[in-house]
Amino acid sequence: MIVSRRDFLKIGGVALTGLVIGFRLEPGRADASGGGDFTPNAFLAVDQGGGVTVLVPRSESGQGVLTSLAMIVADALGCDWEQVKCRMAPVAGEYSHPRFPGEMVTGVSSSVSSEWDRLSLAGRVARGMLVAAAARRWGVEPRLCRVERGEVTGPDGRRLPFGPLVDEARGMTPAEPELPERGGIVGSPLPRVDLPSMTSSDRFAIDHRQPGMLTALVVRPPVFGAVRKNLDSDMTREIAGVREIVEMESGVAVVADDFWTARRGAEVLRPVWDWKDGLSRFSGNQLKRYRSLAGKPGSLVLARGRGGSIPTRGGILLEYDLPHLAHAPMEPPCCVVIPKGERWLFRVATDAPARDRRVAASILGVDQERVELEVIPAGGSFGRRLFLRGSPVAEAAAVARRLKRPVKLLWTREDDIRSGEYRPLMLHRIRVSLDGKGNPLGWLHRIVGQSVMTGTFLETHFVRDGIDATSVEGVVDTPYPIPHFRVELHTTEGIAPAGWWRGGGHTHSCFAMESAIDELAHRTGKDPLSYRRRLLSKEPRLVRLLDAVERMSGWKKKPHPGVGRGVAIHQAFGSCIALVAEVRFDPMGMIQVRRIWSAVDCGRTVNPDILRLEIESGIVFGLSATLFGEITIREGSVDQRNFDGYQPLRMLNTPPIEIELMESDLPPGGASSLGVLPVAPAVANALYASVRSRVRSLPITAQKVIDAHGK
Amino acid sequence: MVGFTVNGRKVEVDLFPDTPLLWVLRDHLGLTGTRYGCGNGTCGSCTVLVDGRPRRACLLPVGEMEGRDVVTIEGIPPDHPVIRGWIEERVARCGYCQNGQIVSAVALLSTNPDPDDFAIDVAMSGNVCRCGTYSRIRKGIKRAARLMRGEKG
């Protein structure tokens with residue numbers, strides 16, 4: 001049956017080797033590379049020369065999605081990897097995130113896991129159409145054909161590369177060769193396709209240059225919640241090269257010929273603010289309020305077992321607190337807007353390009369069709385480029401609308417650290433009772449903190465009945481067998497905007513759970529790793545990881561005096577990770593993390609080299625937060641201004657990190673956030689093992705270790 | 001007017017003397033490989049060589065650059081052992097800090113052709129990488145050192 005090119009290729013009821021497809025793959029639109037290409041769906045095109053272009057529906061920010069997602073398509077297609085070019089997809093409905101209809105989203109450690117099925121199918125359908133074309137040309141059964149490295153081979157050995165089959169493949173119904181073989185690309189440690197561009201001078205939005213382009217910096221409220229009452233811009237306007245002042249919701253933009261002129265202009269701008277309640281916002285007071293709230297019942301999130309066995313008083317009381325955290329990716333937010341007649345081009349690194357295009361069009365007062373948004377690779381994201389609150393797009397649109405000239409709007413590092421959005425300050429309070437064997441019996445867990453998803457474009461996917469699933473993840477789904485378990489949540493107003501920070505709720509729940517379990521192990525005189533292995537005996541995936549880190553770290557061998565080892569294990573985003581940290585607290589009061597070992601199970605691995613870097617990247621990010629990460633707020637403003645106040649981990653603080661990847665046939669799980677999660681509890685656990693100081697508050701500082709000693 | 005050399009080319013600029021070299025390079029000389037990460041000398045993304053020594057361009061007022069010899073990432077040939085080492089070890093993750101890392105590494109190896117881990121820590125800890133590629137940077141430097149010594153890599 002010939003299906004016309006314009007028709008949807010509806011695969012709804014057709015079984016492809018037993019796989020029943022519930023969604024449609026629309027044939028690709030008229031391709032930019034000119035007529036003649038085979039575009040069976042939105043994700044790939046094959047040209048007459050056999051070249052393959054893959055359109056990747058995610059934003060590259062260093063996590064390697066441009067490569068890993070293209071590998072899934074290419075593998076299923078059966079082409080030669082050398083033939084593949086990868087591009088980030090344009091903003092279009094076809095590229096919506098499978099879990100978030102209508103939105104293109106990169107984040108929540110979900111790119112590979114959410115696209116595995118769809119991109120595999122896209123490749124297989126295309127392969128099936130090419131096979132059908134070859135089979136028809138040869139007059140043979142399609143299932144007697146094979147596909148390998150961009151060629152179809154018939155039963156008698158005849159071969160045709162993809163290129164010559166392109167014309168006939170269009171409109172063919174896909175046929176399945178006998179074996180659903182994969183192309184040998186998935187699982188290979190291929191180098192990232194964008195590796196050569198890493199030393200270029202124009203990889204990032206901030207590098208964009210064109211004649212007549214202006215630079216805009218925004219002067220923002222110095223205090224959260226403040227509102228602008230008045231503005232004196234006389235001194236700014238006197239500076240040669242300052243072109244315009246644009247007032248907007250998030251502040252006042254100073255637009256000038258170049259960055260330094262804009263900055264000089266911003267320095268002498270005199271806005272007048274109404275502080276509102278801003279001056280009363282203190283993170284120290286916030287924590288006190290949270291402690292008080294944690295003593296009261298909250299919204300019920302989960303209850304299982306016998307209510308009477310949940311300890312509401314007595315038992316073992318454990319409390320953990322974590323501070324606000326900034327993302328601080330190396331590239332501060334930046335958006336370029338270029339007017340092109342009746343149209344506008346936005347060039348920006350963003351994790352939500354469909355939302356950004358809508359917002360830009362709305363601010364410009366035009367239909368979305370007149371706004372083109374080109375997603376540029378980001379200099380790191382870690383969640384920073386997901387939400388509107390910290391985005392430069394609306395601001396750039398407001399400036400562009402006024403000026404109708406090319407504009408580059410950027411945030412300074414100070415803007416990013418002081419006026420961005422944060423992983424919220426969080427408190428966990430746990431009351432536990434143990435059974436005769438020392439296992440958790442009754443467990444009351446209260447979580448206090450802001451909702452990250454409320455008020456965002458993803459709210460409906462995560463918040464139900466007032467409960468933000470990301471506030472309680474990692475607790476409600478704990479793999480530890482807790483017979484009588486009650487989880488309650490106090491969702492608070494917060495004193496600074498909340499954001500998704502690499503790992504989301506798991507970043508605080510893992511610290512709470514893995515510290516608590518460790519404390520229970522010590523209280524019952526058990527080795528913390530063996531205690532976990534016994535509790536998790538019905539979780540073979542997790543036990544395998546504990547066995548691995550036990551072996552890797554030489555756990556059973558007694559460490560040197562003053563040196564301790566701590567372990568943590570967690571599951572998140574469909575993956576699991578175990579980690580051992582070896583720490584020395586020296587008598588001069590310095591915390592030295594000497595070595596880290598980690599074993600991970602991310603299900604089926606698309607690219608082991610990318611995966612390895614993702615895990616290590618997460619571990620370094622997590623260690624940075626563990627030892628130095630703290631945003632404090634006093635009188636409504638962030639104390640920290642730049643990297644001198646918000647210290648990042650540097651090479652000299654970074655220990656050797658050994659990583660083992662477990663083999664698995666399970667579907668791929670998330671990787672980019674995974675390494676972050678177990679670091680803080682493993683380091684806290686190691687410090688307890690070495691000097692009997694239990695630190696329950698992050699970041700872990702020498703002072704806290706000293707203060708906790710003997711308590 | 002201030003005159004200096006950038007990547008072997010003589011330039012003359014007429015700007016406010018407190019304009020940091022970083023922004024002279026990026027906004028006025030078209031050399032955007034030297035990156036802005038902090039503006040206060042705490043991250044190293046803007047590292048350039050001035051008279052052969054690694055300096056943070058965001059802290060150098062252009063008024064003090066008279067007669068100096070500046071080398072940016074654009075002035076380092078693509079087949080330089082450090083850049084080859086960076087590609088062979090697949091150092092970069094997002095890439096934003098890497099030009100600064102490479103310039104710092106070039107400076108290190110120009111004075112110390114066989115640096116040990118301590119020397120690498122000292123030379124490189126001014127360059128922040130939020131992506132955490134430090135262990136690969138270390139490997140990249142050691143590979144570059146081997147290439148420079150004529151070993152196979």
From the list B:L22, B:T19, B:L15, B:V24, side chain to side chain contact (heavy atoms under 4.5 Å, CB included) partner of A:W260 resolves to B:T19
For the interface with chain B, which of A:F621, A:F643, A:F204 has the highest count of heavy-atom pairs at distances below 4.5 Å? A:F204
Below 4.5 Å, heavy atoms only, C-beta onward: do A:M651 and B:N127 meet side chain to side chain? no
Rounded to the nearest 0.5 Å, what's the gap from CZ on A:R264 to CG on B:D18? Could you check? 6.5 Å
State, to 0.1 Å, how close A:D207 and B:R35 come at their nearest heavy-atom pair, and which atoms those are. OD2-NH2, 2.7 Å
Engaged part of B:I87 at the chain A interface, taking heavy atoms whose separation is under 4.5 Å: both
With respect to chain A, which residue among B:C131, B:G132, B:P78, B:G95 yields the maximal number of heavy-atom pairs within a distance under 4.5 Å? B:C131
Is there side-chain contact between A:E614 and B:R93, with at least one heavy-atom pair below 4.5 Å? yes
Just how far is it from atom CG of A:D644 to atom SG of B:C38, taken to the nearest 0.5 Å? 8.0 Å
Cut-off 4.5 Å, heavy atoms of chain B, and the answer for A:H327 is backbone
Heavy-atom closest pair (A:R612 atom, B:R136 atom, distance to 0.1 Å) is CB-NH2, 4.5 Å
Quick one: does B:R90's side chain get under 4.5 Å of A:R192's, heavy atoms only? no
Please examine the side chains of B:C129 and A:M330, heavy atoms only from C-beta on, and report whether any two atoms are closer than 4.5 Å. no
Between A:R209 and B:D27 (salt bridge meaning N to carboxylate O under 4.0 Å), is one present in this structure? no
Distance col, row A:E414:CD vs B:N40:CG, nearest 0.5 angstrom, shows 6.5 Å
Euclidean distance, A:R413 CZ relative to B:C58 SG, rounded to 0.5 Å: 11.5 Å
Within-4.5 Å side-chain heavy-atom neighbours: B:Y96 and A:P329: no
So for A:D609, is it side chain, backbone, both, or neither that comes closer than 4.5 Å to the heavy atoms of chain B? both
Tell me whether the NZ or CZ atom of A:R650 lies within the 45° cone about the ring axis of B:Y134 and under 6.0 Å from its centre. no
With a 6.0 Å cut-off (strictly less than), is the heavy-atom count around CE of B:M1, excluding the residue itself, greater than 12? yes
Side chains of A:L652 and B:F118 in contact at under 4.5 Å (non-hydrogen atoms): no
Just so I understand: if I count every heavy-atom pair under 4.5 Å between each of A:A328, A:P656, A:S381 and chain B, which residue has the most? A:A328
Quick check on A:P191 against chain B: is it the side chain, the backbone, both or neither that has a heavy atom closer than 4.5 Å? both
Relative to each other, are the rings of B:W23 and A:F259 parallel, tilted or perpendicular (30° and 60° limits)? parallel
Can you confirm whether A:S624 sits close enough to B:R130 that some side-chain heavy atom of one is under 4.5 Å from a side-chain heavy atom of the other? yes
One option among A:E60, A:Q647, A:M198 has the most heavy-atom pairs under 4.5 Å with chain B, and it is A:M198
Side chain, backbone, both or neither of A:T412 within contact of chain B (heavy atoms, under 4.5 Å): both
Give, as side chain, backbone, both or neither, the part of B:R138 having an atom under 4.5 angstrom from any heavy atom of chain A. both
Quick one: are B:W86 and A:L195 in side-chain contact, heavy atoms under 4.5 Å? no
Is there a donor in the side chain of B:Q98 and an acceptor in the side chain of A:T199, or the other way round, less than 3.5 Å apart? no
Tell me whether B:T32 contacts the main-chain N or O of A:D202 through its side chain, where contact means a donor paired with an acceptor under 3.5 Å. no
With a sphere of 6.0 Å drawn around CZ of A:R594, does it hold more than 12 non-hydrogen atoms of other residues, nucleotides or ligands? yes
As an exercise, state the distance from SG of B:C97 to CD of A:E331, rounded to the nearest 0.5 Å. 12.0 Å
Of all the heavy-atom pairs spanning B:C94 and A:A378, show the shortest one and how long it is. CB-O, 3.6 Å
